[in-house]
Protein chains: 2
Amino acid sequence: MSAGAVKFETLKPVKAAQLIAQRVRDAVLSGELAVGDRLPTEKELIKQFGYSRSVVREGLRLLESDGLIQLQAGRNGGAVISSPNTERLVYGLDTILRLQSTTAAELLEAQRLIEPLVIQLAIDRATPGDLAAIRRTIELIEENPGDKDIVLEQSNRFHTLLGEAAHNNVMAIITTLMREVMIEMRYSGDAAEALIIARIHRRILEAIEARDVKAATRRALRHLEATECVMSTRPQAPRAAAEPGNVVALEKRGPARTPGRTPQH
Amino acid sequence: MSAGAVKFETLKPVKAAQLIAQRVRDAVLSGELAVGDRLPTEKELIKQFGYSRSVVREGLRLLESDGLIQLQAGRNGGAVISSPNTERLVYGLDTILRLQSTTAAELLEAQRLIEPLVIQLAIDRATPGDLAAIRRTIELIEENPGDKDIVLEQSNRFHTLLGEAAHNNVMAIITTLMREVMIEMRYSGDAAEALIIARIHRRILEAIEARDVKAATRRALRHLEATECVMSTRPQAPRAAAEPGNVVALEKRGPARTPGRTPQH
DNA sequence: CATAATTTGTCCGTATGTATC
DNA sequence: GGATACATACGGACAAATTAT
């Protein structure tokens with residue numbers, strides 16, 4: 001083979017913090033550490049990894065940001081292994097979609113394509129327990145149509161449980177991701193129509209219980225359409241004179257952090 | 001309303017590093033900063049944000065980990081805004097799926113459900129340019145059946161371009177995600193059957209060009225099945241006794257105080 | 001209730017490596 | 001090579017939070 005054909009990838013130096021985070025992540029994924037276990041203290045980690053405090057802390061920050069650990073100060077504090085939820089994924093997916101100027105219409109289309117698949121799976125596989133849990137979310141909305149928090153939470157939970165009833169975790173996560181990104185894109189609207197939501201959810205559930213694919217799909221899609229409203233008006237603010245320099249300004253919170261000394265008491 | 005019904009979410013203190021990262025991320029998403037722009041130097045950021053070097057650096061690490069900036073040392077170094085790819089998402093999704101003991105079978109099922117949708121979209125929307133690009137990946141494999149790197153890259157690119165031909169970025173990203181997680185789960189097998197892959201790809205492409213949904217779908221699903229092989233044997237085994245030397249033994253300390261429950265949903 | 005102990009959060013001075021001029 | 005500018009890394013000190021005693 002001719003020498004000129006060799007292609008080198010752009011090799012980037014691996015940062016120490018990434019290595020530390022990766023090491024812990026591997027330990028969790030391999031079962032060496034389980035959810036609920038605690039990492040050693042910073043002091044111990046510094047000894048074990050052989051890196052300075054700053055680097056170790058950067059690594060811990062990365063893990064915390066990934067949702068893989070939770071850090072807490074205080075006497076019995078420390079880093080506790082936890083199971084990440086989809087929050088970080090939503091952030092990442094949202095970022096990529098926006099930077100690629102993906103329209104909300106595309107997201108909606110993807111939802112409308114994939115939703116029927118989940119419904120079909122749920123109809124095939126939902127257990128009585130699954131259906132009961134779904135029904136409970138509807139009842140909670142009907143019982144508290146005025147409580148915005150409950151309505152939003154249970155409305156969300158309806159879809160989450162629908163995904164679980166499909167008994168395919170990948171499909172469940174994908175639909176959750178799309179739904180949460182959709183919520184990120186538009187401001188989560190006011191849920192004044194709580195009872196309407198409950199009614200739609202109930203009709204979808206009934207169709208699923210009746211094993212009626214067509215009706216369930218049709219109702220779910222109409223449910224999606226109802227959320228289409230504002231959609232097209234995404235804030236794609238033009239960059240106004242973005243000179244790299246004086247861009248950032250972050251307000252610090254109250255108590256002055258005077259770098260000097262503030263006596264304990 | 002009765003007072004007992006109020007439910008508080010577990011409120012976690014927002015760390016300064018997260019705030020900084022969030023601020024930069026918002027600036028990018030709002031168009032205030034564009035890909036290719038440079039952030040101020042650390043010293044400048046320290047002044048602007050009003051936080052210390054450590055905290056600013058933690059924030060930069062988070063952004064770097066998210067793929068939103070690239071850090072480079074040296075005279076004209078610094079933080080350059082870049083567009084994140086799916087790599088971080090793959091990591092995150094892979095982590096979640098493994099921790100939830102999701103089987104590769106579920107992932108494969110999701111792929112088999114969603115793949116036909118992409119193909120349908122591609123048949124409806126693919127431009128001659130799309131098809132030409134796809135065809136090129138096949139030819140590259142046929143011309144270099146011995147070059148493993150090229151075969152793997154172009155085989156992957158085939159699917160990526162197929163997603164792009166569907167002209168729905170969300171669907172494209174979702175299929176990419178699933179494919180890359182699938183690769184993470186099993187060791188990327190040897191591509192000895194390069195020409196077989198090329199042949200399958202070509203048959204799928206021909207069916208798409210012929211607007212033959214059924215044939216294209218059938219061939220794509222058979223293509224997926226071919227990768228099913230090893231699948232069921234995921235390495236869930238805890239790694240054997242850590243190597244002597246500098247491998248860190250992360251001890252399991254006592255049961256962590258449980259301030260609530262582990263956030264499952 | 002108050003104090004002390006423990007652990008993370010933050011700050012800063014300094015040194016080192018690296019890339020550009 | 002030397003000078004400069006920048007990220008990377010180190011280590012010690014103090015602040016704040018949390019809990020055991």
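Proteins get letters first, then strands, A, B, ... in listed order; numbering begins at 1 in each.
One interatomic measurement links the two molecules: CG of Leu45(A) to P of dG9(C), which rounds to 12 Å at whole-angstrom precision. When rounded to the nearest whole Å, the span between CG of Leu60(B) and P of dA9(D) equals 13 Å. Distance CD (Gln72(A)) to C1' (dA16(D)): 13 Å, rounded to an integer number of Å. Glu44(B) places its CD atom 16 Å from the C1' atom of dA7(D), with the value rounded to the nearest Å. In this structure, Ile46(B) atom CD1 and dC6(D) atom P are separated by 12 Å, rounded to whole Å. Gln70(B) places its CD atom 17 Å from the C1' atom of dC6(D), with the value rounded to the nearest Å. If you take NZ of Lys15(A) and P of dG17(C), they are 17 Å apart, rounded to a whole angstrom. Between the CD atom of Glu58(B) and the C1' atom of dA7(D) there is a distance of 16 Å, rounded to whole Å.
The side-chain heavy atoms of Gln18(B) and Leu62(B), taken from C-beta on, include a pair separated by under 4.5 Å. Using a 4.5 Å cut-off on side-chain heavy atoms (C-beta onward), Val14(A) and Gln22(A) make no contact.
When distances run from any side-chain atom of Asn76(A) to the nucleotides dT19(D), dG9(C), dT20(C), the shortest one goes to dT19(D). When distances run from any side-chain atom of Leu71(B) to the nucleotides dA7(D), dA20(D), dA17(D), the shortest one goes to dA7(D).
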Dump the intermediate steps for side-chain hydrogen bond (donor to acceptor under 3.5 Å, both in side chains) on Arg61(A) and Ser65(B), then the final yes or no. CA-CA 10 Å; Arg61(A) 274 279 174 277; Ser65(B) 172; over 6 Å; no
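Using modelled atom types, one finds a donor on one side chain and an acceptor on the other under 3.5 Å when comparing Asn169(A) with Gln100(B). Side chains of Thr160(A) and Arg179(A): a donor-acceptor N/O pair is present below 3.5 angstrom, by distance only. Side-chain polar atoms of Arg53(A) and Ser54(B) form no donor-acceptor pair below 3.5 angstrom. Judged by distance alone, the side chains of Thr95(A) and Arg25(B) do bring a donor and an acceptor atom under 3.5 Å apart.
Near DNA chain C, defined here as any heavy-atom distance below 4.0 Å, the residues from residues 50-57 of chain A are Arg53(A), Arg57(A), listed numerically.
Across all strands shown, nothing is found opposite dC1(C) as a Watson-Crick or G-U wobble partner with both distances under 3.5 Å.
Comparing Thr41(B) and Arg75(A) by the nucleotide of DNA chain D that holds the closest heavy atom to each, the one mapping nearer the 5' end is Thr41(B).
Residue Lys43(B) is out of contact with every strand shown, counting any heavy-atom pair closer than 4.0 Å.
For the OP1/OP2 pair of dA9(D) and a distance below 4.0 Å, the side-chain nitrogens and oxygens of Arg61(B) include at least one atom meeting the criterion.
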